[in-house]
2 protein chains.
Amino acid sequence: MHPPILEGNLAQPVIRRLNAMRQLSERGIALLQQAIQDGLHRARPGEDLATEGDPVDSVRIILSGWLCRYKTLADGRRQIVNFVLPGDSCDACVYLLSVMDHSIGALTPVTYADIKRPAFEQLLASDRSLEEALWCETMVSSAIQREWTVNIGRRVALERVAHLLCELYERLLPIGMIDGDSCLFPVTQMDLADATGLSVVHVNRTLQELRGSGLIVLRDRMLTINDLKLLKDTALFSADYLHTKRHG
Amino acid sequence: MHPPILEGNLAQPVIRRLNAMRQLSERGIALLQQAIQDGLHRARPGEDLATEGDPVDSVRIILSGWLCRYKTLADGRRQIVNFVLPGDSCDACVYLLSVMDHSIGALTPVTYADIKRPAFEQLLASDRSLEEALWCETMVSSAIQREWTVNIGRRVALERVAHLLCELYERLLPIGMIDGDSCLFPVTQMDLADATGLSVVHVNRTLQELRGSGLIVLRDRMLTINDLKLLKDTALFSADYLHTKRHG
DNA sequence: CGGTTAATTGACGTGAGTCAATCTCCGTGG
DNA sequence: CCACGGAGATTGACTCACGTCAATTAACCG
């Protein structure tokens, strides 16, 4: 059903991302690449990689594509709680808990590696740099989650949307997905609404305001940030919480 | 300055909490108790245990008292992103990142154990059950953070405040801090506002509504939940995300 | 060319914020 | 014993950012 997966080096974004956290050893990289090769999968847009309530027994590392983590209330209200980008891992450790407390849906076609728990534990145990890098990634993901709470709780709509765009820009940058000041942006206004806690209508108007000030161009799934500095100021954005800087 | 700390068994809430995640071994408990004894500290209400931007080099395990994690925007807006209760650990692993991305403030007098990184790593390495339990605790904390995003993003004020009360109730229960249907509740309306993304005035009115429906009594730092079932229904609350059930 | 999903607009309603005054505790000092 | 001050809780009046509803347009796809 799926075509064979044979692109040049699928593990590239993962390695770049983890390397930004901790210098990976040659050995660690090799082990990781092997594990990824052994568990390649694909998902289609709209497909759920995991659903709230599902048992968890493996870790997924995203190689290409965009996804989102989301939760749904009984009456249908939906909140996207995070985006998942290439190089991110889904639940590097949620498997310590038995059950998913949220769902993970693909926004685009997605390639990922599914690593079963035993293989994953072996991987962690076999290389220290890899273990630390993966834990770091998990910690950063928590930090992002905290910032989202702040974003939704204390920023007004314009700041809020601007902040989300800044975050995505900063996260796409280190994995080589920013071209100049532009990037693919496969997020519908409905997704943006569910991610920011706003209504679709208001997101639409907010985007128009950002466009109107010449800060961004967003059309045809392509985002261009004309004035990053000003966008960050608008959003009260500081990248510190992304912990991108390598540390000693 | 501080009186000596010699209460009966300070480590009790920690052990209860971790045991709810993973059955701790005798050995693990002993090691943990020793580590806690070696690093006892106190903090006073209003004091910050850590401040955004601080370097991190130790783990703090809370033995008694309430704290909150919070972030502040440049113009003073504040968002509490989580409460920290006895048995919780502060950043069991944020120390993998070099710098705090948020602050941690004491709401009440607090007793905690400060365990330096080397001692903490040794602790984790020496007992498997302890290591897993502490990672679980970290994962649950992430799950809570996600639920807060949903709470603030998609629930209306009444649901939102009710949800927070339900969560705190469920978290206080396993550490023995619920007496009947009541508990100490040292959280001001200003704190509640900063935790729910509402204004103080609106929190006040929302509490009155909850009181008016006979769901809760809240006065003199004492919270009584008269009708937990109904409060949960009001909040669209499900405790699943707290992953309290032990698993096999 | 229909059918669908996403984006956009306008009109209107409202939940929640802001401002500002008042009230209630408390602890402190004279 | 009481004036004073400060923190927290409470109220009322008013405002507005954002939501809802509903219709229209644009883009895409077989």
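Residue numbers start from 1 in every chain, and the chains themselves are labelled A, B, ... in the order their sequence lines are given, proteins ahead of strands. Just so it is clear, the model here is predicted, and its values are computed rather than measured.
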Check: Who passes salt bridge (charged side-chain N to carboxylate O under 4.0 Å, His left out) against B/Asp233, sequence neighbours left out?
Finding: B/Lys229
Next item on the list: For DNA chain C, note the earliest and the latest nucleotide, 5' to 3', having some atom under 4.0 Å of a heavy atom belonging to chain B.
Entry: C/dA16 to C/dC19
Notebook entry, point to check: Can you find a side-chain donor-acceptor pair between A/Thr244 and A/Glu170 that sits under 3.5 Å?
Noted result: no
Checklist line | Set of residues satisfying salt bridge (charged side-chain N to carboxylate O under 4.0 Å, His left out) with respect to A/Glu52, sequence neighbours excluded | finding: none
Next item on the list: Hey, could you give me each pair passing salt bridge (Lys or Arg N to Asp or Glu O under 4.0 Å) that has a residue in residues 219-228 of chain B? Not counting sequence neighbours.
Entry: none
Check: Roughly how bent is the helix from C/dC1-D/dG30 to C/dG30-D/dC1 end to end, in steps of 10 degrees, with each end axis from five pairs?
Finding: 30°
Check: Looking only at side-chain N and O atoms, does B/Gln208 come under 4.0 Å of OP1 or OP2 in D/dA9?
Finding: no
Next item on the list: Give the B/S/- string for nucleotides 17-30 of chain D, one per nucleotide from 5' to 3', where a protein heavy atom under 4.0 Å of the base yields B, of only the sugar-phosphate yields S, and otherwise -.
Entry: -BSBB---------
Note to self: If the condition is side-chain hydrogen bond (donor to acceptor under 3.5 Å, both in side chains), which residues does B/Arg154 pass it with, not counting sequence neighbours?
What the structure shows: A/Asp194
Checklist line | By side-chain hydrogen bond (donor to acceptor under 3.5 Å, both in side chains) - contacts of A/Gln208 (at least two apart) | finding: A/Asn204
Item checked: Residues forming a salt bridge (charged side-chain N to carboxylate O under 4.0 Å, His left out) with B/Arg155, sequence neighbours excluded -> B/Glu147
Note to self: Applying salt bridge (charged side-chain N to carboxylate O under 4.0 Å, His left out), can you list everything that pairs with A/Asp75, at least two apart in sequence or on another chain?
What the structure shows: A/Arg77
Check: Rounded to whole angstroms, how far apart are CG on B/Asn204 and P on D/dT10?
Finding: 5 Å
Checklist line | Residue list, side-chain hydrogen bond (donor to acceptor under 3.5 Å, both in side chains) with A/Ser238, at least two apart or on another chain | finding: A/Asp240
Margin query: Can you list everything that forms a side-chain hydrogen bond (donor to acceptor under 3.5 Å, both in side chains) with B/Ser58? Sequence neighbours excluded, please.
Written below: B/Asp114
